[in-house]
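Shown next, in structure tokens, is the structure this report addresses.
Because the structure is predicted, anything quoted here is derived from the model rather than measured. The first residue in the sequence is number 1, and the count goes up from there.
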Amino acid sequence: MAFDTDILISGAGAAGLTLAIDLARRGVSFQLIEQNAQPFSGSRGKGIQPRTMEIFEDLGVVDRMAAAGGSYPPLCQYRPDGTHKVSRLTEADVFPTAAEPYAAPLMLPQFATEAIMRERLAELGHHPHFGTRLTRFGQDAHGVTARIEQNGGEQVVRARFLIGTDGGRSFVRHALAIDFPGEALGVRAIVADVRLEGLDRSAWHRFQFGSPETQVMICPLAGTDLFQIQAPVALDGEIDLSPVGLTALIGDRTGRGDITVRSVSWSSVYTMSARLADRYRIGRVLIAGDAAHVHPPTGGQGLNTSVQDAYNLGWKLASVLSGAPEALLDSYEAERRPIALNMLRLSTRLLGEVKQGTMRRDREARQLDLGYRGSSLNVPGSVGGKVQAGDRAPDAPCRGQTGQRTRLFTVFQGPHWTLLGYQPHDRPSAIAGVRIVTVGAGHELVDEEGDIAEAYGIEPGQWVFVRPDGYIAGIFSPDGLEQQLSRYLAHVLPPRPTDTLGES
């Protein structure tokens with residue numbers, strides 16, 4: 001049977017859009033479908049962590065995101081006696097460094113984040129198909145046959161792989177009968193995007209922080225004229241989310257009559273839980289994002305983890321479609337599921353702290369230290385140093401031989417692998433899909449301030465091999481470099497074409 005597309009992506013939220021952008025820039029054919037008739041219109045996942053900012057730089061949207069959003073305001077916490085204290089969300093001031101160019105999270109409402117991603121996807125010649133619902137699917141050894149509904153009609157789509165990025169109630173996960181164990185956390189809450197009067201936009205206002213059941217948090221949403229209201233509510237019963245109802249709730253919990261909600265642009269009532277899918281893949285069908293893990297919103301981890309799921313999966317799908325061993329896809333679940341498990345633990349712990357009156361965001365929430373040190377994709381016997389196989393590849397400022405200033409992240413940007421040689425004696429032969437870059441006197445890049453040496457702790461002659469998703473696959477010594485590379489690449493890249501020049 002002929003294929004209509006290589007990849008069918010069901011769900012056009014942050015995870016689905018990330019995957020689509022990554023596949024589009026790799027020239028992989030796909031269809032991105034979304035059962036909702038319109039894009040998501042709420043602010044829900046409003047925090048973009050530094051590691052996700054690095055991904056958005058690679059995808060070509062980080063400056064657009066920063067221009068549309070802004071930094072988190074200080075937290076103003078009001079006590080019952082009318083006094084208040086102002087503090088920062090982070091444990092201390094955090095500043096960019098040479099190795100970590102993005103230090104603090106960016107606030108950007110989820111609807112704005114996804115709008116920028118759709119714009120980027122359109123630049124690459126693609127768009128989501130809204131109002132298009134996956135109704136059933138089956139798979140065989142070669143692909144997936146899916147039925148989708150659009151405008152009252154049904155069509156059959158034949159794809160090599162199906163990816164479910166269709167949220168916490170994932171149809172794809174249910175259809176695969178993947179267990180989704182976890183627990184309800186005993187908290188029901190509202191979230192609403194509103195226009196209101198009576199509070200200034202210079203702080204994130206938190207009332208009744210010593211009383212978890214009756215607190216209310218009102219945060220100005222950067223880049224908009226909206227505020228986001230968050231508040232726990234009773235576990236059952238109807239909640240009035242109209243301007244009048246929300247004004248009354250705020251008045252009851254703050255004791256103030258001067259805060260008035262004028263309009264509501266989006267609202268939701270939800271019950272918090274922490275759940276993690278038992279599996280991320282069955283055959284040619286995989287799940288990512290909220291389809292694989294749901295969690296409380298504390299700590300701003302969800303959208304970021306979803307984006308990083310898709311970023312991990314995209315290059316692996318593209319490589320397998322080009323002829324790399326299909327076993328490469330097994331590393332997706334092996335690498336990402338432990339990350340999600342830790343994220344659930346962090347979000348749940350932070351929820352407990354919020355209940356006790358504490359709101360704190362330490363380095364763990366920024367996701368810069370997440371990595372894959374135990375991954376099967378790490379080069380066996382890789383040289384260890386300041387960084388190791390499986391670690392995030394640090395950034396570093398440097399300059400080219402023409403004198404222009406650049407950064408390692410600029411060198412890494414794009415769908416390729418990068419082989420970075422530090423003061424090497426020899427240069428290996430060119431490899432399709434791998435950018436070879438050398439550092440040192442007489443080489444392409446000059447480590448003028450020693451930032452590369454400082455960030456990586458590598459010795460002259462050593463080579464750092466960086467994956468397309470910005471993690472270190474291995475650090476090679478110069479001896480036997482080409483043989484080691486060749487053995488490794490057989491597992492992650494398509495077979496190299498033979499030189500047929502001159503053959504008849």
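Counting heavy atoms from C-beta on, the side chains of L317 and I163 come closer than 4.5 Å. Counting only heavy atoms from C-beta outward, the side chains of R64 and M117 never approach each other to under 4.5 Å. Looking at heavy atoms from C-beta onward, R44 lies out of side-chain contact with K46 at the 4.5 angstrom threshold. Side-chain contact between L313 and L329 is present, with heavy atoms from C-beta onward closer than 4.5 Å. At least one side-chain heavy atom of T224 sits less than 4.5 Å from a side-chain heavy atom of F111.
Using modelled atom types and a 3.5 Å distance limit, the side chains of E57 and Y102 yield a donor-acceptor pair. With hydrogens and angles left out, the side-chain atoms of D193 and W266 include no donor and acceptor closer than 3.5 Å. Side chains of E149 and T135: a donor-acceptor N/O pair is absent below 3.5 angstrom, by distance only.
The pair R281-E333 fails the salt-bridge criterion, with no side-chain N (NZ, NE, NH1 or NH2) lying under 4.0 Å from an Asp/Glu carboxylate O. Taking 4.0 Å as the cut-off between side-chain N and carboxylate O, D451 and R407 do not count as a salt-bridged pair.
Nearest heavy-atom pair, I282 versus L176, reported as atom, atom and distance to 0.1 Å: CD1-O, 3.7 Å. Nearest heavy atoms, I452 versus A396: CG1-CB, 3.7 Å. When all heavy atoms of W315 and L377 are compared, the pair lying nearest together is CH2-CD1, 3.9 Å. When every heavy atom of G11 is checked against every heavy atom of L32, the shortest pair comes out as O-CD1, 3.5 Å. Contact between A12 and E114 at its shortest, heavy atoms only, is O-OE1, 4.4 Å. Closest approach of V144 to F137, counting heavy atoms only: CG1-CB, 4.1 Å.
The main-chain N or O of R133 is never found under 3.5 Å from a side-chain atom of Q35 such that the two would form a donor-acceptor pair. Between the side chain of R256 and the backbone N or O of I250 there is no donor-acceptor pair closer than 3.5 Å. Although no hydrogens or angles enter the test, the distance criterion places a donor-acceptor pair under 3.5 Å between the side chain of T165 and the main chain of S10. In terms of modelled atom types and a separation under 3.5 Å, the side chain of D179 and the main chain of P181 share no donor-acceptor contact. Side-chain atoms of R284 come within 3.5 Å of backbone N or O of R160 as a donor-acceptor pair. Using a distance-only test at 3.5 Å, with no hydrogens or angles considered, a donor-acceptor pair links the side chain of R26 to the main chain of P415. Within the 3.5 Å criterion, the main-chain N or O of N378 finds no donor-acceptor partner in the side chain of R373. Looking at T132, its side chain does come within 3.5 Å of a backbone N or O of F130 through a donor-acceptor pair. With hydrogens and angles disregarded, a donor-acceptor distance shorter than 3.5 Å links the side chain of S331 to the backbone of L328. T214 places no side-chain N or O within donor-acceptor distance of the main-chain N or O of R253, the cut-off being under 3.5 Å.
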Worked verdict on D309 versus Y280 for side-chain hydrogen bond (donor to acceptor under 3.5 Å, both in side chains):
CA-CA 10 Å; D309 283 350; Y280 281 21; 5.0 Å; no
Does L134 form a side chain to side chain contact (heavy atoms under 4.5 Å, CB included) with D166? I'd like the steps, not just the answer.
CA-CA 10 Å; L134 178 67; D166 50 347; 5.6 Å; no
Output, in order, the C-alpha distance, side-chain angles, deciding distance and verdict of side chain to side chain contact (heavy atoms under 4.5 Å, CB included) for D290 and H295.
CA-CA 9 Å; D290 288 350; H295 46 83; 3.9 Å; yes
Under the criterion side-chain hydrogen bond (donor to acceptor under 3.5 Å, both in side chains), I'd like the reasoning laid out for Q228 against S43: C-alpha separation, chi angles, the key distance, then a yes or no.
CA-CA 7 Å; Q228 183 193 69; S43 65; 2.9 Å; yes
Output, in order, the C-alpha distance, side-chain angles, deciding distance and verdict of side chain to side chain contact (heavy atoms under 4.5 Å, CB included) for I33 and I148.
CA-CA 9 Å; I33 64 172; I148 61 175; 3.8 Å; yes
Show the numbers, then the answer: is there a side chain to side chain contact (heavy atoms under 4.5 Å, CB included) between H293 and L341?
CA-CA 8 Å; H293 41 75; L341 180 60; over 6 Å; no
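More than 12 non-hydrogen atoms from other residues, nucleotides or ligands lie less than 6.0 angstrom from CZ of R201. No more than 12 heavy atoms of other residues, nucleotides or ligands shown are found within 6.0 angstrom of CZ on R169.
Taking the six-membered ring for Trp and thresholds of 30 and 60 degrees, F207 and H205 have nearly parallel ring planes, at less than 30 degrees apart.
Note: Q308 CD to R51 CZ = 6.5 Å, rounded to the nearest 0.5 Å. In this structure, CG on L246 lies 13.5 Å from CZ on R262, to the nearest 0.5 angstrom.
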